[in-house]
Amino acid sequence: MPRSIRLYAPASLAAGAIVPLSPDQAHYLGSVMRLAAGAEIAVFNARDGEWRARINSLRRGAAALAIETALRAPTTEQLPDLWLVFALLKRQATDLVIQKATELGVAAIFPVITMHSLGERINLARLEAIAREAAEQSERLSLPEIRAPQPLSDLLAGWPRTRRLVAAIERAAAPPPAAGEGPTALIVGPEGGFAPAELDDLRARPFVEPATLGPRILRAETAAIVGLALLQAAPRPP
Ligand code: SAH
């Protein structure tokens, strides 16, 4: 059976409500999926859960849904308490990291500026659109929060001490990342790796746990995906 179309909408979802969609969602429904008014889809957000809806109006660049019945309560979402910190990469690699981190369930994404990272800026609207599409595809109800880029030293200075920060460090004598209960984050360096001073700084923090992802040197985006996969796959055995 083909998967039903799921769209994210921030508006309040309740039976009888008419909810506007974004212009790109209207384009997707009309021009890509070739749907028309009356077609049935699903719509969701973290606050109200997932609802069956019908396309109420659809024309170029504008669409609205009529909300019908609840499909899934907001409390049914099972997300690990997992964040991702990653050094800014080239655009394509950054896009991939945002998409995969969303599929792998991260709640928040922190781009950081390091000595060898590329650029200092992100296009937040673009990355949010990528995260939204990944949430729609992966049956999430929530979207990950994407923070503004900040220097690594600022991030570490403001780090919440109760959240362990698993640092992916190549060629390190360290165990692989251990999945576990409780607040966790993964940090991955840029293509050029962390600078020696950054590695010293990381290792000196009480909340940092160095981790290996195996004997080969992975691209940063691969390291992010693999590290998150290990951290969200299974709880730490008792
Ligand atoms: N240019 C560096 C490699 C950087 S790889 C060099 O040749 O030494 C980019 C990032 O991916 C690293 O900063 C690290 O966070 C992560 N990474 C890559 N391979 C890894 C591995 N085998 N174990 C742990 N982390 C790894």
Side-chain angles (χ1 to χ4, degrees), residues 80-123 127 130-131 134 144-161 163-180 182-237:
D81 187 356
L82 182 58
W83 295 355
L84 173 66
V85 180
F86 77 104
L88 282 172
L89 303 168
K90 285 185 197 147
R91 192 172 96 156
Q92 255 191 323
T94 294
D95 290 355
L96 187 73
V97 166
I98 300 291
Q99 184 191 63
K100 299 309 172 197
T102 305
E103 289 174 43
L104 289 163
V106 305
I109 300 173
F110 296 73
V112 286
I113 299 158
T114 66
M115 285 182 207
H116 301 315
S117 60
L118 295 172
E120 307 206 336
R121 268 195 275 267
I122 57 170
N123 180 340
L127 296 185
I130 291 170
E145 186 187 340
I146 304 174
R147 300 287 180 93
Q150 60 182 314
L152 175 62
S153 52
D154 289 3
L155 174 106
L156 293 175
W159 192 256
R161 262 131 224 288
R163 181 175 293 270
R164 66 193 185 112
L165 181 57
V166 175
I169 302 177
E170 69 280 13
R171 304 186 190 87
T184 301
L186 174 73
I187 180 167
V188 173
E191 267 329 304
F194 290 114
E198 291 170 335
L199 286 173
D200 290 346
D201 190 8
L202 282 167
R203 289 179 184 279
R205 309 276 173 169
F207 45 83
V208 168
E209 291 176 25
T212 181
L213 300 173
R216 287 160 300 280
I217 305 304
L218 308 176
R219 282 188 174 274
E221 60 271 33
T222 315
I225 295 166
V226 170
L228 290 174
L230 291 169
L231 287 170
Q232 62 88 61
R236 201 201 292 265

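Order of appearance sets the numbers: ligands from 1, and atoms from 1 within every ligand. Index from 1, following the sequence. Just the heavy atoms: all of them, side chains too, but no hydrogens, waters or symmetry mates, feed the values below.
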Task: Close side-chain approach of Arg163 and Asp81, heavy atoms under 4.5 Å - done: yes
Task: Step-by-step side chain to side chain contact (heavy atoms under 4.5 Å, CB included) determination, Leu218 to Ile225 - done: CA-CA 10 Å; Leu218 308 176; Ile225 295 166; over 6 Å; no
Task: Under 4.0 Å to a heavy atom of Pro190 - the qualifying atoms of ligand 1, by number - done: 4 (C), 9 (C), 10 (C), 13 (O)
TODO: Would you check if Ile146 and Ile122 make a side-chain contact, meaning some heavy-atom pair closer than 4.5 Å?
DONE: yes
Open item on the list: Under 4.0 Å from a heavy atom of Ala211: which atoms of ligand 1 are those, numbered in the order shown and with their elements?
Closed with: 24 (C)
Task: Residue portion contacting ligand 1 (non-hydrogen atoms closer than 4.0 Å) for Ile169 - done: backbone
- [ ] Flag the pair Ile98 / Asp95 as yes when at least one side-chain heavy-atom distance between them is below 4.5 Å, and no otherwise.
- [x] no
- [ ] Side-chain contact test, heavy atoms from C-beta onward, threshold under 4.5 Å: evaluate it for Leu118 versus Leu88 and give yes or no.
- [x] no
Open item on the list: Can you name the atoms of ligand 1, numbered from 1 with element, that are less than 4.0 Å from a heavy atom of Arg171?
Closed with: 6 (C), 7 (O), 8 (O)
Open item on the list: Using a 4.0 Å cutoff against the non-hydrogen atoms of Val188, which atoms of ligand 1 qualify?
Closed with: 11 (O), 15 (O)
TODO: Look at atom 12 (C) of ligand 1 and say which protein heavy atom is nearest, naming residue and atom and giving the distance to 0.1 Å.
DONE: Glu170 OE1, 3.2 Å
- [ ] With heavy atoms of Ile217 as the reference, note each atom of ligand 1 found under 4.0 Å away.
- [x] 3 (C), 19 (N)
Task: For Ile169 against Pro210, the heavy-atom pair lying closest together - done: CD1-CB, 4.1 Å
- [ ] Give a yes or no answer on whether the side chain of Thr94 reaches the backbone of Leu89 with a donor-acceptor pair at less than 3.5 Å.
- [x] yes
Open item on the list: Suppose we measure from atom 13 (O) of ligand 1 to each protein heavy atom; which comes out shortest, and what is that distance?
Closed with: Gly189 CA, 3.2 Å
Task: Arg164 side chain to Phe207 backbone, donor-acceptor under 3.5 Å - done: no
TODO: Ignoring hydrogens, just give me the one of Ile187, Leu186, Leu218 whose non-hydrogen atom is nearest atom 19 (N) of ligand 1.
DONE: Leu218
- [ ] Kindly indicate whether the side chain of Val188, heavy atoms from C-beta on, has any atom under 4.5 Å from the side chain of Glu221.
- [x] no
Task: Proximity to ligand 1 by part of Pro215, non-hydrogen separation under 4.0 Å - done: neither
Open item on the list: Within the 4.5 Å heavy-atom criterion, are Glu198 and Leu152 side-chain neighbours or not?
Closed with: yes
TODO: Tell me which protein heavy atom sits closest to atom 15 (O) of ligand 1, plus the residue, atom name and distance to 0.1 Å.
DONE: Ala168 O, 2.6 Å
TODO: Do me a favour and list the nearest non-hydrogen protein atom to atom 23 (N) of ligand 1 with residue, atom name and distance?
DONE: Leu213 N, 2.9 Å
- [ ] Pull out every atom of ligand 1 sitting under 4.0 Å from any heavy atom of Glu191, numbered as shown with elements.
- [x] 1 (N), 2 (C), 3 (C), 4 (C)
Open item on the list: If you measure every N or O of Ala223 against every N or O of ligand 1, does any of those distances drop under 3.5 Å?
Closed with: no
- [ ] Examine Ala220 against ligand 1 and note whether any of their N/O atoms are separated by less than 3.5 Å.
- [x] no
Task: ligand 1-proximal atoms of Arg216, by part, heavy-atom distance under 4.0 Å - done: backbone
